[in-house]
*Asks:* 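My questions will all concern the structure given below.
Predicted, not measured: the structure shown is a model, and the values here were computed from it. We count residues from 1, following the sequence as given. First listed ligand is number 1; within each ligand, the first listed atom is number 1.
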Amino acid sequence: MYYLEIEGTSNLNGSVEISGAKNAALPLIVSSILAKNEVSMKNIPNVADINTLFLLLKNLGASFSFENHEAKINTSTLNNTKAKYDIVRKMRASILTLGPLLARFKECEVSLPGGCAIGQRPIDLHLLALEKMGANIAIKQGYVVASGALKGTDIIFDKITVTGSENIIMAASLAKGKTKLINVAKEPEVVQLCETLKEAGLDIKGIGADELEIYGTDGELLPFKEINVIPDRIEAGTYLCAGAITNSKITVKKANAKHLSAVLDKFRQMGFGIEVKDDEITILPAKKIKAIEIITSEYPGFPTDMQAQFMALALRAEGTSIIDERLFENRFMHVSELLRMGADIKLNGHIASITGTKELNCADVMATDLRASSALILAALFAKGVSRVHRIYHLDRGYEKLEEKFKKLGANIKRLEE
Ligand code: EPZ
């Protein structure tokens with residue numbers, strides 16, 4: 001097990017390159033199950049979740065190469081439709097294999113992902129939609145056992161669900177007839193999946209809107225074109241937060257500012273300058289870091305995946321900030337760790353009040369989930385002295401070359417063995 005040792009710093013400088021988006025690459029890799037040809041993909045981040053997914057695909061009988069952020073995936077050799085618990089439990093997005101496996105093979109078994117630190121994370125909406133499309137779904141010994149030929153139909157999601165939308169978009173691609181998805185997720189990662197399927201010849205309308213119409217191929221696999229994974233908007237937002245919390249000027253490169261409008265707007269409201277030039281975003285120091293109000297919501301609203309990072313940033317603001325976490329019921333795991341650093345945070349259900357402080361104390365803290373862990377690093381950059389962030393395997397799931405990128409910005413950060 002490793003931990004990160006971080007010394008508080010007065011400021012950062014320079015620039016970092018943003019990697020491909022984990023949450024775009026995951027559904028895109030799974031969508032290769034729908035391909036009739038070998039799929040070539042570029043700008044894939046080399047992080048633990050991606051490698052876990054490739055292991056799952058290998059288990060199902062697919063073959064692939066993955067190096068230098070590029071992959072070639074061949075699913076013509078798929079010969080197993082059981083996604084086993086010991087892999088799915090490591091990476092809950094494995095549930096994304098349910099829709100495509102069922103659509104292609106008309107039967108499959110996928111382990112229930114189970115909960116995680118940030119919440120119960122049910123998949124009822126995924127299963128309800130597949131049943132509406134004609135699937136027989138049973139839960140047996142912790143597995144979703146699905147069978148049946150899928151037919152297009154109208155699906156209204158009770159809640160906007162990112163992987164639920166992605167699962168059903170992929171299932172509908174091979175179904176017989178038209179599927180209309182209402183209240184569908186519009187995250188950039190969902191949009192890239194739809195664009196990729198459209199480029200492969202799928203008849204899909206309403207990409208990026210609240211309603212999608214998909215005319216399935218009735219089992220005919222699709223000829224995929226080469227895919228270039230979009231930049232990771234959450235990684236970009238995290239490094240911009242590092243610039244903000246040290247009140248420094250830093251630049252993130254190979255980013256897409258259009259995917260971060262709500263986040264950039266909050267930086268501006270807090271008093272930071274934001275400059276965008278092509279695929280580069282620069283944050284400039286604030287004369288006075290103002291307190292902020294944030295309500296997390298589905299895209300294009302403020303992303304829940306940036307909530308923890310902005311809570312750390314709010315520790316440096318003048319006055320009291322309010323953060324209302326609307327998506328997950330337990331996404332404040334970072335609060336108790338920040339309190340150990342001397343933060344003044346009060347929780348009332350899903351609402352946190354954060355009173356800014358001039359000083360934060362270094363401490364040993366524990367990572368609990370991917371984004372909470374990055375918030376602890378940000379707080380450690382602001383704290384006086386040397387902090388240690390433990391259980392950083394959470395970070396390695398979604399941040400590529402994390403300490404190298406922070407070091408490049410001038411942070412004093414080391415990865416050490418417990
Ligand atoms: C995706 O998770 C992301 N993961 C999450 O990022 C992100 O936080 C989340 O979307 C919200 O943006 C990937 O894309 C791999 P949801 P997902 O289904 O799809 C409820 C990270 O840090 N819900 O959109 O699992 C659910 O409980 C991760 O990279 C149901 O009730 O999230 C939650 O309250 C963390 N029933 C809300 O909907 C369902 O069947 C949104 O969840 C499905 C979801």
*Asks:* Give the C-alpha distance, both sets of side-chain angles, the deciding distance and a yes or no for salt bridge (Lys or Arg N to Asp or Glu O under 4.0 Å) between K186 and D210.
*Replies:* CA-CA 7 Å; K186 300 177 282 195; D210 296 313; 2.7 Å; yes
*Asks:* Would you mind checking which non-hydrogen protein atom is closest to atom 5 (C) of ligand 1, with the distance to 0.1 Å?
*Replies:*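 Ranking protein heavy atoms by distance from atom 5 (C) of ligand 1, first comes D305 OD2, 3.8 Å.
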*Asks:* For atom 22 (O) of ligand 1, find the nearest protein heavy atom and state the residue, atom name and distance (0.1 Å precision).
*Replies:*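 Result: R371 NE, 2.9 Å.
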*Asks:* On a heavy-atom basis, I'd like to know which of T296, I160, N167, V162 is closest to atom 10 (O) of ligand 1.
*Replies:*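 Among T296, I160, N167, V162, the closest heavy atom to atom 10 (O) of ligand 1 belongs to V162.
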*Asks:* Would you mind reporting whether I234 and M306 have side-chain heavy atoms less than 4.5 Å apart?
*Replies:*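 M306 vs I234: side chains touch.
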*Asks:* Have a look at D232, N23, I123, D369 and point out the one with the heavy atom closest to atom 13 (C) of ligand 1.
*Replies:* N23
*Asks:* Taking atom types as modelled and ignoring hydrogens, do the side chains of T75 and R104 form a donor-acceptor contact shorter than 3.5 angstrom?
*Replies:* yes
*Asks:* Less than 6.0 Å separating the ring centroids of F406 and Y239?
*Replies:*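 Under 6.0 Å, so yes.
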*Asks:* To the nearest 0.1 Å, how far is atom 38 (O) of ligand 1 from its closest protein heavy atom, and which atom is that?
*Replies:*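 That would be K159 CD, 3.8 Å.
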*Asks:* Does P122 have a heavy atom less than 4.0 Å from any atom of ligand 1?
*Replies:*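 Within the 4.0 Å threshold, so yes.
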*Asks:* Under 3.5 Å, is there a donor-acceptor pair linking the side chains of E70 and S40?
*Replies:* no
*Asks:* I need the atoms of ligand 1 closer than 4.0 Å to a non-hydrogen atom of H126, numbered in the order shown.
*Replies:* 40 (O)
*Asks:* Suppose I only count heavy atoms of R331 and a 4.0 Å limit; which atoms of ligand 1 are within that range?
*Replies:*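 Every atom of ligand 1 under 4.0 Å from some heavy atom of R331: 8 (O), 22 (O), 35 (C).
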*Asks:* Which protein non-hydrogen atom lies closest to atom 32 (O) of ligand 1, naming both residue and atom, and how far is it?
*Replies:*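 For this ligand atom, the closest protein heavy atom is F328 CZ, 3.9 Å.
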*Asks:* Is any N or O atom of K22, backbone or side chain, closer than 3.5 Å to an N or O atom of ligand 1?
*Replies:*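 Between K22 and ligand 1, an N or O pair is found under 3.5 Å apart.
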*Asks:* Side chain or backbone, does D124 bring an N or O within less than 3.5 Å of an N or O on ligand 1?
*Replies:* yes
*Asks:* Among T238, I392, I377, find the residue that satisfies the side chain to side chain contact (heavy atoms under 4.5 Å, CB included) test when tested with L402.
*Replies:*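 For L402, the side chain to side chain contact (heavy atoms under 4.5 Å, CB included) check succeeds only for I377.
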*Asks:* Using a 4.0 Å cutoff against the non-hydrogen atoms of L370, which atoms of ligand 1 qualify?
*Replies:*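 Taking each heavy atom of L370 in turn, ligand 1 has 22 (O), 29 (O) under 4.0 Å.
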*Asks:* Quick one about H69 and N46 (side-chain donor to acceptor, distance below 3.5 Å, no hydrogens or angles considered), yes or no?
*Replies:* no
*Asks:* Taking distance alone, with N or O pairs closer than 3.5 Å, would you say L125 contacts ligand 1?
*Replies:* yes
*Asks:* At a 4.0 Å cut-off, with the gap strictly under it, does some heavy atom of M306 reach an atom of ligand 1?
*Replies:*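 No, M306 has no heavy atoms under 4.0 Å from ligand 1.
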*Asks:* What class does the angle between the rings of F310 and F267 fall in, given that below 30° is parallel, 30 to 60° is tilted and above 60° is perpendicular?
*Replies:* tilted
*Asks:* Which part of Q307 is near ligand 1, with near meaning a heavy atom under 4.0 Å away: side chain, backbone, both or neither?
*Replies:*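 Neither part.
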*Asks:* Please determine if K254 and E17 form a salt bridge, counting it only when a charged side-chain N lies under 4.0 Å from a carboxylate O.
*Replies:* yes
*Asks:* In the protein, what heavy atom is nearest to atom 37 (C) of ligand 1, and what distance, to one decimal place, separates them?
*Replies:*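 Looking at atom 37 (C) of ligand 1, the protein heavy atom closest to it is L327 O, 4.0 Å.
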*Asks:* Hey, is ligand 1 close enough to E329 that some N/O pair sits below 3.5 Å?
*Replies:* no
*Asks:* Answer yes when E325 and R331 have at least one side-chain N-carboxylate O distance shorter than 4.0 Å, and no when they do not.
*Replies:*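 No, this pair does not count.
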*Asks:* Atom 11 (C) of ligand 1: which of D49, V190, T304, I95 has the nearest heavy atom?
*Replies:* T304
*Asks:* May I ask you to identify the nearest protein heavy atom to atom 2 (O) of ligand 1, giving residue, atom name and distance to one decimal place in Å?
*Replies:*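 Of the protein heavy atoms, R121 NH2, 3.4 Å lies nearest.
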*Asks:* Please list the nearest protein heavy atom to atom 19 (O) of ligand 1 with its residue and the distance rounded to 0.1 Å.
*Replies:*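 Closest protein heavy atom to atom 19 (O) of ligand 1: T163 OG1, 2.6 Å.
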*Asks:* Among protein heavy atoms, which sits nearest to atom 18 (O) of ligand 1, and what does the distance come to when rounded to 0.1 Å?
*Replies:* T161 OG1, 2.7 Å
*Asks:* Taking atom types as modelled, find out whether N23 and D232 have a side-chain donor-acceptor pair closer than 3.5 angstrom.
*Replies:*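 Judged by distance alone, the side chains do not pair up.
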*Asks:* Would you call R388 and E5 a salt bridge, using N to O less than 4.0 angstrom?
*Replies:* yes
*Asks:* Could you list the donor-acceptor pairs under 3.5 angstrom formed by side chains in residues 166-173, with sequence neighbours left out?
*Replies:*
residue	atom	partner	partner atom	Å
N167	OD1	G99	N	2.8
N167	ND2	I95	O	3.0
N167	ND2	H126	ND1	3.1
S173	OG	I169	O	2.7

